[in-house]
Amino acid sequence: MAIKFSSAFAKNIKDEAVQTAVRKTVVSLANACKQISHICARGPLESGMGTQTGAANTDGDAQKALDVRSDEIITAALETAPVAYYASEEQDSIVTMDKTELLAVASDPLDGSSNIDTNVSIGTIFSIFVAKDAAVSSFFRPGSDQICAGVFVYGPQTTLVVTAGAGSETYVLDPDTGVFTLAIASMKIEPSSTEYAINASNHHHWGAPVRGYIEDCLLGACGPLGAKQNMRWVGSLVADANRILSRGGMFMYPGDDRPGYKDGRLRLLYEAAPVAFVIEQAGGTATDGTRRILDIDLETLHQRIPLVFGSREPVQALADYHKKQD
Ligand code: AFP
C-alpha cells in the first residue's frame, strides 16, 4: 500500500465511480513517485540521471535523463490506472491510454530538474480531470474543472500535498514503512506574509507593476509596505510552493521581456493550475498577476502563464499595483 488515505480524502466527489477512479490513480502516482524519490535519493550513484539527454522538450528546455525516466515511470503507472488520456511536459502531444476510462491526467513528471546535480528539492506535479469524449477537450478547459491535484516533493522528506476539492492534505513518505502517511489533514496558508520569492536577476526584464512592487519590498519598513520583507528563491517551484504552504509567502514568476518569456516560464496545464488548486484549497490565492489561474482556459497544450501565488494579502497587493498601472 503506497498511501494510507485520510478517511475524508475524495469523499466530497459525489460520483462513486469517479471517486474510486481518483483514489486508484493517486495510489498509482504514489507508487510511481516512490520510485522517482528513490532514484533522486541515490543521486550520482544512479548513473547518468543528472546528465542532459541532448534532447529538448516541446518548450526547448534541455531534457535531463531523469526527466525522461520520471515520465516513463509515471506513464507506466498511469497505464494501470483508470486513465483515458495523459498529457506530460516531457511529451509533445497527448497520450491516449484507454478511451473507455474515466480520467485525464496531466503531469510535470520532474519539476526543478536543473537542480538534480545540486541536491536541491525537486518534485512531481499532477492534475486530474474527468475525461471528456476526446483527448483535446479533456485538457483544453479551465483549471477549475480539475477534480484532484497534487505536488510530490523529493527533499529531506518525500511529501505529497494533495487536494480533491475539500481542502489540501499533506502526506509524508515514512521511510520505515514505505507508506505515504497523513501528516496534516488541512493545510492553512497564512493570509499575510512579509516573505516573497522571485528570481531577482530578471529585475530589468519585468513590467512596471512587478518592478515597482519588488522595489517597494526592498524599501521594507521605509517604504509603502511599511514592514521589513524577506526573500527566498529556490529555483524549484515545488520547493517554493511547499515553503509557502507551510509558512505563507508569495511566489512570483511574471512574464518579462526576454525572448520567449512574455508569459513567464511556467506552464498552465501541469504546473500553474495544479499548484493553484492546492494553494486555493489551503486558503491561498493564485493568479497570473491579475486573473485567477483556475479561471483561465487552456489554449495550447504547453502554454506558459505568468504565475503568482501564496498568501492572499500580498497576492492582492501585487494585483493592485497592476491595476494602478492600468
Ligand atoms: P527546471 O525544471 O528546468 O529546473 O525549471 C524549474 C522551474 O520550472 C521551476 O521549478 C522554477 O521555479 C523555475 O523554473 C526557476 O526558473 P529560473 O531558473 O528562471 O529562476
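Computed from heavy atoms alone, side chains included, the values below leave out hydrogens, waters and symmetry copies. Every number for a ligand or one of its atoms is a count from 1 in the order of the listing.
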Short N or O distance, [X] and ligand 1, threshold 3.5 Å exclusive:
X      : answer
Arg265 : yes
Arg267 : no
Asn115 : no

Exercise for the section: Check each heavy atom of Asn199 against ligand 1 and say whether those closer than 4.0 Å belong to the side chain, the backbone, both or neither. Expected result: side chain

Problem - Within reach of ligand 1, part of Leu266 (heavy-atom separation under 4.0 Å) - result: side chain

Completion exercise
To the nearest 0.5 Å, atom CD of Gln325 lies from atom NE2 of His322 at 8.0 Å

For ligand 1, which atoms sit closer than 4.0 Å to a heavy atom of [X]?
X      : answer
Leu237 : 9 (C), 10 (O), 11 (C), 12 (O)
Asp111 : 8 (O), 9 (C), 10 (O)
Ser113 : 1 (P), 2 (O), 4 (O)

Handout entry: Tyr154 and Phe152 aromatic ring geometry - parallel, tilted or perpendicular at 30°/60° bounds
Key = parallel

Problem - Aromatic ring pairing Phe9/Tyr171, orientation class (parallel under 30°, perpendicular over 60°, tilted between) - result: perpendicular

Exercise for the section: May I ask you to decide whether Glu195 forms a salt bridge with Arg243, counting only side-chain N to carboxylate O separations under 4.0 Å? Expected result: yes

Practice task
Consider only side-chain N and O atoms of Tyr321 and Asp216, and report whether a donor and an acceptor are under 3.5 Å apart.
Solution key: yes

Exercise for the section: Go through the steps to decide whether Trp233 and Tyr196 satisfy the test ring-ring contact (aromatic ring centres under 6.0 Å, His included), and finish with yes or no. Expected result: CA-CA 8 Å; Trp233 183 253; Tyr196 67 96; over 10 Å; no

Exercise for the section: For atom 11 (C) of ligand 1, state which one of Gly235, Ser114, Gly112 supplies the nearest heavy atom. Expected result: Gly235

